[in-house]
Each structure stands twice: as C-alpha cells, then as structure tokens.
Amino acid sequence: MEMETRSVVSEEKNPRGIPKAPFIADVEKYVGGPDGDADGPLKAFNDAIGKYRFMDANLAQRRLGLEDKIPDYQKTLDMVEYLQERREGKGKAADDVDDDDDDAETSAKTLRTTFELNETLYAEAELEDSDTVYLWLGANVMLSYPIPEAIELLQSKLSAAEKSLANTIEDLEFLREQLTVMEVNIARVYNWDVKRRRERREK
C-alpha cells in the first residue's frame, strides 16, 4: 500500500512561527496501513529533529547575548538617570563624587568617577556638569543625546531586550517540548516496525 503523504510538523505554530510537532497516536494509520513504509517517516522525523536542534542552538546563543546586554543597558540607564537627578538637584552624591571641603564649589559641578577601558582596566575621570551624554550604538558608532532623550532611548532598548529575552526563553522551552515529541514519535514508529517484522517472521 502506498504511504499516505503527511506533514511531519503541524500547521499549528507558536507566536514566533515555530511549528508544533504532532504526536503520532496511531502509527499504523500514519504510515499508510499495515504494509506502510516506516523508513520514510523515521527519516523525516530525524530531519525535523535536526532543524529543531539548529533553532535551539541559535536561540540559546541569542539568549546568552541578551543576558549580557540587559545588565549593560540597566547600568547605563542608572548612570544617566543619576546624572539627570544630579542636574535637578535631587540626586545624592555617589561614593566616587569628590567631597573635598577645600574645593566645594568645584565638586558641586564636577563628578569624579572611573570608567572601563576594557574588562580589567579602568581610568579615573572628572565629569563636568552637562546636559548631554554620549552613547555607543554599536559598530564603533557613538552619538550624543540630551539626557532626557538618552533616558528614553535606553528605557526603550532595555524594554525591548527584556521582551526579546522572555520570548527567547519561551521559544527554547517550546522547542524542547517539540524535540521530546519527535523523539517519542521516532520510538513509536521504530517499535511498531520491529513488532510488525517479528509478527511477519512468525507467520
């Protein structure tokens, strides 16, 4: 009997378009009857598993990238908000503010801090009171922004990154469920085929 053509994955998808793996409840019907070919479905299931694993690896890499970016966004946002509060006279001086009583007038306008040159090297700097900040946008591009616009941009990037991370984690969980379903399908088809071959030998 010719095997009925069936899709390996379901038309149902998750919100990001990852197809759902259908559970094969009736193996015999799926392969096309008692004389159906089991090799075709097994190969198709293995191919689908390969695609799911490829997506899983890409999403896992994206998750690591986002988990690195989010703390950087938050740290930068906290600093810019501190500068905003300081300009408005609402913030409190941080530990690295110069509190030298002999230079009170200067310390009111300058902020002594450290900045990162690389992962293990920091330099000290004095920041004059300013209404603009410079933000790295990536690809060796830095632009200046008024502090309120910088805060709005950083809040937008932080929110987008957190949403993307949540979606990525959800997709990873979904993918692992589909991998489990596909592995179960392979086991069911394989065991059905072994049982069929044994029954034919016994006849």
Q: Might you work through the salt bridge (charged side-chain N to carboxylate O under 4.0 Å, His left out) test for Asp47 and Lys51, ending with a clear yes or no?
A: CA-CA 6 Å; Asp47 288 345; Lys51 292 176 182 177; over 6 Å; no
Q | SB check Arg200 Asp35 (cutoff 4.0 Å) | A | yes
Q) Is Glu177 salt-bridged to Lys20, cutoff N-O under 4.0 Å? A)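 Result for this pair is no, no salt bridge flagged.
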Closer than 3.5 angstrom, by distance alone: can the side chain of [X] be matched with the main-chain N or O of [Y] as a donor-acceptor pair?
{"X": "Arg188", "Y": "Val27", "value": "no"}
{"X": "Arg196", "Y": "Gly36", "value": "yes"}
{"X": "Thr76", "Y": "Asp72", "value": "yes"}

Q.
Would Ile147 and Ile151 count as a side-chain contact (heavy atoms from CB on, under 4.5 Å) here? Give the steps.
A. CA-CA 6 Å; Ile147 288 178; Ile151 290 174; 4.0 Å; yes
(Q) Please report whether the ring centroid of Phe45 lies less than 6.0 Å from that of Tyr30. (A) yes
Q: Check the pair Asp39 / Lys43 against salt bridge (charged side-chain N to carboxylate O under 4.0 Å, His left out), numbers first and verdict last.
A: CA-CA 6 Å; Asp39 292 337; Lys43 182 180 183 304; over 6 Å; no
Q. Could you state the interatomic distance from CG (Leu64) to NZ (Lys69), rounded to the nearest 0.5 Å?
A.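 Going from CG on Leu64 over to NZ on Lys69, the span is 12.5 Å.
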Q) Could you state the interatomic distance from CG (Leu137) to CE (Met142), rounded to the nearest 0.5 Å? A)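 Leu137 CG to Met142 CE: 9.0 Å, rounded to 0.5 Å.
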Q. Hey, mind stepping through Glu183 and Arg53 against salt bridge (charged side-chain N to carboxylate O under 4.0 Å, His left out) and telling me if it holds?
A. CA-CA 12 Å; Glu183 288 166 354; Arg53 285 180 176 157; 3.2 Å; yes
